[in-house]
Amino acid sequence: MGEESQFDAIVVGAGPAGLACAYLLAKAGKAVLVIERGDAPGAKNVTGGRIYAYALNLLDKDLLDDAAWERKVSHEEIMIIDGNRSITMDYHDPSLTEGDESLQSYTILRAVFDQWLADKAEEMGAMVVCGIRVDDLIQREGRVVGVIAGEDEMYAEIVIAADGVNSLMAQKAGLISDIKKETVGVGVKEVIELPAKTIEERFKLNQNQGSARMILGCTQGIHGGGFLYTNQESISLGCVFMPQEIVQHGKQVHDIFQELKMHPAVYPLIQDGETVEYSAHLVSEAGYRGMPAKLYKEGLLLVGDSAGLVINTGYSIRGMDLALLSGIAAARAILGESDLSQIGPAYLAELEKICLLPTMRLSVGYNQLLDIPRIYSNYPQLAIGVMQRLYKVDGQIPQNLKKQVMEAINESGLTVWQMLKDGLKGVRSI
Amino acid sequence: MPGIYVYSDKMKQAAALIGLAAQSGKEVCCITMDSNQAQELKQYGPDRIIILNGNSPLPENYAESIAQLIKKEQGELFLVASTVRGRELAAKTAGYLDCGMVSDAESLVFEDKRIISSRLMYGGSVVQKAVISQLAVVTVPAGNLEAVQKENAQVSIVSLEVQADPRVRLIETLAVKKDKIDLAAAEKVVCVGMGLDKQEDIKMAEELAQVLGAEIACTRGIAEERQWLPVESYIGISGAKIKPSLYISMGVSGQVQHVVGIRDSKIIAAVDSNEKAPIFRAADYSIIGDMYEIIPLLIEELKNA
Amino acid sequence: MSRIIACYKWVADEADLKINPDMSVDLSKAKGKISDYDKNAIEAAVQMAKITGDEAVTLTYGSKKAKLSLKDALSRGPSEGFWVNSEKAEQADGAASSKALAAAIDKIGDYKLIICAEGASDTFARQVGPSVAARLGIPCVSSAIKLELCENELKISRKLEDGIEIVAAQLPAVVCILPEINRPPIPGLKSVLDAGKKTTREYKIEELGLLESDLSARTETIDFKAYVMNRKNIVLDGETAADKVKALVGSLKKEGII
Ligand SMILES: Cc1cc2nc3c(=O)[nH]c(=O)nc-3n(C[C@H](O)[C@H](O)[C@H](O)COP(=O)(O)OP(=O)(O)OC[C@H]3O[C@@H](n4cnc5c(N)ncnc54)[C@H](O)[C@@H]3O)c2cc1C
Ligand SMILES: Cc1cc2nc3c(=O)[nH]c(=O)nc-3n(C[C@H](O)[C@H](O)[C@H](O)COP(=O)(O)OP(=O)(O)OC[C@H]3O[C@@H](n4cnc5c(N)ncnc54)[C@H](O)[C@@H]3O)c2cc1C
Ligand SMILES: Nc1ncnc2c1ncn2[C@@H]1O[C@H](COP(=O)(O)O)[C@@H](O)[C@H]1O
């Protein structure tokens, strides 16, 4: 520790990214301070609710044993909505819940999970201070040497910006400018309480098993999608949108979400439940493109959402596992590199090694695919249209299937040419 | 003698307590430190009046003496009206007696060998019922009581020389100039909350009150923190409890500690810009909107009505 | 140097209280907090200690849940935190609480002043402070809005229903404060960090010379139910604010109120 520094590392933000980094640094005997503006870790955090276990396993093997899960995901579902009609596909595979723990995924509630991870980091010796907002970085000669919170200044060898999407720390360091509107979406979410048994009945789940459901076509043509996760005694239901499109469409997030809740295929799932939490949060949407050009500055590393490390595949959002990975990579770089000025490049190398950057690059195609506005209206309409014809038995002479599909295509307003183009994009993105 | 002992530093409440205690059918003994008060209290018909003669003008300083008296006479209950002095005296007496205490009992039901009390908890969201079966101290909200005169030729008045606690002494009393507001008796009330931006905006609310023929009231923050209205004007668990035919709030979020004071209103109307404000759950008629827009319109509408 | 002891209670946050359909109350999911006005009590102790050169400390009687409170309390400035740890605290009434606190204060010793808030945000019983004083056999002044030390006496301004009264109390004494007495600041980063380094002291009730039975509630709770408020709950709709106002005036007329 340098003379002035009171800590080896200061982590701003007690989300999964910051806590993973703090956990490893503290475990290695470093003096670590985590500063969180919420009254408790996870208090201000919003997430859909699924986390992949492999990332936690990578952080520390023992952690998987008593992690603060809600349910193990046993059913992967996709629901397509058009008007008041819907299709739900349910992918169930015993391997989702059996065998190697680290290949599985779990639903979580952030207030519980983040607190648990913070406790683990504290057990390792990290100091977690809540209810304090970091306002600025202290910089000397282009180097970050500490943070300012209210009246207090605190110095450290290195600062880890784990303050989430639209990171204030990254802005203060000049690594990102104000957020670009097209790269962030806004997510809204409700946690709806229901008895465990009711949830298990409605989703046909065994005890402790859960379903993860993506919902397409629920955003009234706006770039976005919905999600539904089953927790132990509650359901997380939400959707994500591009804010500027909402304005263009002259709609209100709240209204679209209300309509999703009242949808005839959704309402029976949440019926009689009590909304105990309503939240809204930004979510990085742009994948690799949305990442800052530089993920570090001398004395500062960006991890998790503050580094734009989110993949929106359309059928799921991955952010928490990537946050954990980047936290791990940051800790490895700090512990492995004694030359302070070389920690940044070492962090990038660790991000490559841990396969995070390669994964982000691969996600580029998804985003191109997701940029096609048709995904959010015409295609759901088409899928539903085909279904409707398939299942309609009215005693008339049935038309041949091809003809029916063509009819549905016409009805959805898509042209064959568009579909070919989009299909090609889709194939290339995989 | 086993029975109920009552005390209040306020004449009206002392009188009312005698009536309340008499409901038990037990002997009622009224304690006072003022012989004039003793004479007046006679008409309310307690069985006994005991005048404590000490050397302190502060009733709270008699707690230990009262505890000794009740212990000696094997009293069953000490009933006190919940004023600042009353509460302190009661709680000290309970401490000296090492007995249970129920504060601000909303109701007391005297049964054969026990008393059932109910009181509010968590700012007024919960009602706690408790059984008192041994010697206990109970305070009763001052406003809940009515005095009833009662013929009782047998009132015995005795004086008792006691040693008041000398360790707290009165230096001076500064009566605050009080704009005689009696919210408890108000027929209509306009209540402003922290939604009010500036002190001068009170005028707007006052105009509304005038058109309605209402008293103006507020939440704790307006009176205690911002001091824009006198403290007598605030409603709630630590303020006034009202029972008007109309209570209408402007920019009041409706936290339970406030709402507890308006529950006896006949009609509750609320204006607040936050559709999730709890006041709407407590209201009969709600307007979700900006009070700065609503109040002038309301004044206009009422004038035309 | 003697001690100025601020008593605070770790209470369930009333905002998290859940009402079941049968009107029973579920506190199990409620987060804990330092009772609102007890923050003023702690601040008053810290301010007074600055003036008198004494040591401000905190004291709480609570179950193991209250452990969480120690750091929070100490981040507000006091130098040491005392905690009487007993599950009995979950069912305590004013008699039991004041008994536990008085025994602890005796044990801590060398005290000059005890500061409580007038009422706790769960019970708002406004009795623990004066009862503690009686049990310790020391004077008490409630409804305090200003404290000044003159010689070896404490000059206290207290708020009564109809005016302000100024009294002088011999020390040691218990003072119950109203929230107007100060504005407790939100602890900053350094204060929170410092809190982690301060000493905390845990007492078991046996160490205080008390038996479990001493701390039983004297009043037996037989019912604990949500308050039911029946109201019309009509939200007045309208295109414009003027429409809503018309609807309100119309409704009030119909009610025969105006
Ligand atoms: C609606 C929605 C659904 C999602 N669904 C999923 C999903 O199902 N699965 C998945 O893996 N990911 C999902 N994500 C993404 C995921 O939530 C994020 O990628 C993840 O939380 C990022 O973690 P983080 O630690 O980088 O940041 P965060 O979890 O955002 O944590 C940042 C922390 O920093 C704190 N902070 C911010 N500023 C300051 C400051 N100035 N001073 C002090 N503290 C500060 C915040 O309070 C917060 O606790 C979803 C996101 C949204 C919005
Ligand atoms: C032990 C204890 C005892 C207490 N006792 C009392 C008591 O006796 N009485 C009491 O009142 N409080 C009491 N309180 C405080 C109480 O908890 C609340 O904090 C207080 O009642 C809130 O006052 P408020 O509604 O004015 O302010 P806020 O809660 O700040 O609400 C202001 C409201 O104004 C709305 N608003 C803002 N701007 C506008 C606008 N332009 N137009 C319309 N609406 C607007 C906001 O949406 C908000 O709902 C007590 C608290 C404790 C802990
Ligand atoms: N369990 C407790 N631990 C510490 N202080 C307490 C406790 N209970 C009450 N007090 C103090 O006594 C005050 C009044 O409490 P009450 O009489 O319950 O309204 C509180 O504001 C605290 O200052």
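Note on naming: letters A, B, ... go to the chains in the order of the sequence lines (proteins, then strands), and numbering restarts at 1 for each one. Values below: every heavy atom of this structure, side chains too, minus hydrogens, waters and symmetry copies.
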**Asked** Which heavy atom in B:Arg85 sits nearest to a heavy atom in C:Leu160, and how many Å separate them?
**Response** NH2-CD1, 3.2 Å
**Complete:** Here the gap from B:Glu224 atom CD to C:Leu178 atom CG, rounded to the nearest 0.5 Å, amounts to 7.5 Å
**Contacting region of C:Val235 [heavy-atom separation from chain B under 4.5 Å]** = both
**Fill in**
Tightest non-hydrogen contact, residues B:Ile262 and C:Arg231, listed as O-NH2, 4.3 Å
**Prompt:** Looking at B:Lys10, B:Glu275, B:Glu300, which one has more heavy-atom pairs under 4.5 Å with chain C than the rest?
**Reply:** B:Lys10
**Prompt:** So which of B:Val126, B:Leu97, B:Ile268 has the biggest tally of heavy-atom pairs under 4.5 Å with chain C?
**Reply:** B:Val126
**Prompt:** Does B:Glu172 use its side chain to pair, donor to acceptor, with the backbone of C:Glu165 at less than 3.5 Å?
**Reply:** no
**Asked** C:Lys155 versus chain B, heavy atoms under 4.5 Å apart: side chain, backbone, both or neither?
**Response** side chain
**Asked** If only atom types and distance count, is the side chain of B:Asp284 paired as donor or acceptor with the main-chain N or O of C:Lys232 below 3.5 Å?
**Response** yes
**Request:** Would you check if the side chain of B:Glu88 reaches a backbone N or O of C:Ser142 as a donor-acceptor pair within less than 3.5 Å?
**Result:** yes
**Message:** Against the six-membered ring of C:Tyr227, is B:Arg263 placed for a cation-pi contact (under 6.0 Å from the centre, within 45° of the normal)?
**Reply:** yes
**Complete:** From the list B:Val131, B:Ile116, B:Thr173, the residue making the most non-hydrogen contacts under 4.5 Å with chain C is B:Val131
**Asked** In terms of heavy-atom proximity below 4.5 Å to chain C, should B:Val259 be classed as side chain, backbone, both, or neither?
**Response** side chain
**Complete:** Pair count under 4.5 Å, heavy atoms only, with chain B: among C:Glu118, C:Arg135, C:Glu153, highest is C:Arg135
**Request:** Below 4.5 Å from any heavy atom of chain C, which atoms of B:Glu293 appear? Answer side chain, backbone, both or neither.
**Result:** side chain
**Request:** Evaluate the criterion side-chain contact (heavy atoms from CB on, under 4.5 Å) for residue pair C:Arg126 and B:Ser103; output intermediate values, then yes/no.
**Result:** CA-CA 7 Å; C:Arg126 300 181 276 193; B:Ser103 304; 5.7 Å; no
**Side chain proximity check, C:Val167 to B:Leu170, heavy atoms < 4.5 angstrom** = yes
**Message:** Working to the nearest 0.5 angstrom, can you tell me the gap between C:Ser251 OG and B:Ile267 CD1?
**Reply:** 9.0 Å
**Item:** Toward chain B, the part of C:Ile164 with a non-hydrogen atom under 4.5 Å
**Value:** both
**Prompt:** So what's closer than 4.5 Å to chain C heavy atoms on B:Tyr285: side chain, backbone, both or neither?
**Reply:** both
**Request:** Examine distances only and state if a side-chain atom of C:Asp122 and a backbone atom of B:Met121 form a donor-acceptor pair shorter than 3.5 Å.
**Result:** no
**Request:** Pick one of side chain, backbone, both or neither for C:Val141, based on which atoms fall under 4.5 Å of a heavy atom in chain B.
**Result:** both
**Prompt:** chain C heavy atoms under 4.5 Å from B:Ala282: which part of the residue, side chain, backbone, both or neither?
**Reply:** both
**Item:** Side chain / backbone / both / neither for C:Ala96 at chain B, heavy atoms under 4.5 Å
**Value:** neither
**Contacting moiety of B:Leu58, where chain C heavy atoms sit under 4.5 Å** = side chain
**Item:** Proximal component of B:Ile237, with respect to chain C [non-hydrogen, under 4.5 Å]
**Value:** both
**Asked** For C:Leu17, is it the side chain, the backbone, both or neither that has a heavy atom under 4.5 Å from a heavy atom of chain B?
**Response** side chain
**Prompt:** Considering all heavy atoms of both residues, which atom of C:Ile257 and which atom of B:Ser245 are nearest to each other, and what is their separation?
**Reply:** CD1-O, 3.4 Å
**Message:** Please check this pair: side chain of C:Ser131 against backbone of B:Lys92, looking for a donor-acceptor N/O pair closer than 3.5 Å.
**Reply:** no
**Complete:** Interatomic distance, CZ@C:Phe124 vs CG@B:Leu120, rounded to 0.5 Å, equals 11.5 Å
**Request:** For residues B:Leu297 and C:Ala242, report the shortest heavy-atom separation together with the two atoms involved.
**Result:** CD1-N, 3.7 Å
**Message:** At a 4.5 Å cut-off on heavy atoms, which part of C:Leu136 comes close to chain B: side chain, backbone, both, or neither?
**Reply:** neither
**Message:** As an exercise: rank B:Ile294, B:Val84, B:Asn61 by heavy-atom pairs under 4.5 Å with chain C and give me the winner.
**Reply:** B:Val84
**Message:** Determine whether a donor-acceptor pair (N or O, by modelled atom type, separation under 3.5 Å) exists between the side chain of B:Glu301 and the backbone of C:Val249.
**Reply:** no
**Message:** Need one label for B:Val271: side chain, backbone, both or neither, based on atoms under 4.5 Å from any heavy atom in chain C.
**Reply:** neither
**Item:** Residue part contacting chain C, namely of B:Arg220, when any heavy atom lies under 4.5 Å
**Value:** side chain
**Asked** Can you tell which of B:Pro166, B:Gly100, B:Ala130 has the highest number of heavy-atom pairs within less than 4.5 Å of chain C?
**Response** B:Ala130
**Request:** Show your reasoning for whether side chain to side chain donor-acceptor pair (under 3.5 Å) applies to B:Gln257 and C:Glu14.
**Result:** CA-CA 10 Å; B:Gln257 294 94 346; C:Glu14 65 272 15; 3.0 Å; yes
**Message:** Please classify the contact of B:Lys188 with chain C as side chain, backbone, both or neither, using a heavy-atom distance under 4.5 Å.
**Reply:** side chain
**Asked** Between C:Ala95 and B:Cys99, which heavy-atom pair has the shortest distance, and what is it?
**Response** CB-O, 3.6 Å
**Request:** State whether the side chain of B:Arg167 and the backbone N or O of C:Ala173 hold a donor-acceptor pair below 3.5 Å, judged by distance alone.
**Result:** no
**Derivation of the salt bridge (charged side-chain N to carboxylate O under 4.0 Å, His left out) call for B:Lys129 and C:Glu220** = CA-CA 8 Å; B:Lys129 272 196 183 152; C:Glu220 181 201 350; over 6 Å; no
**Request:** Considering non-hydrogen atoms only, spot the tightest contact between C:Pro139 and B:Val168 and give its length.
**Result:** CB-CG2, 3.6 Å
**Asked** What part of C:Leu27 is in contact with chain B, defined as an atom under 4.5 angstrom from a non-hydrogen atom: side chain, backbone, both or neither?
**Response** side chain
**C:Asp13 side, atom CG; B:Tyr122 side, atom OH - distance, nearest 0.5 Å** = 9.5 Å
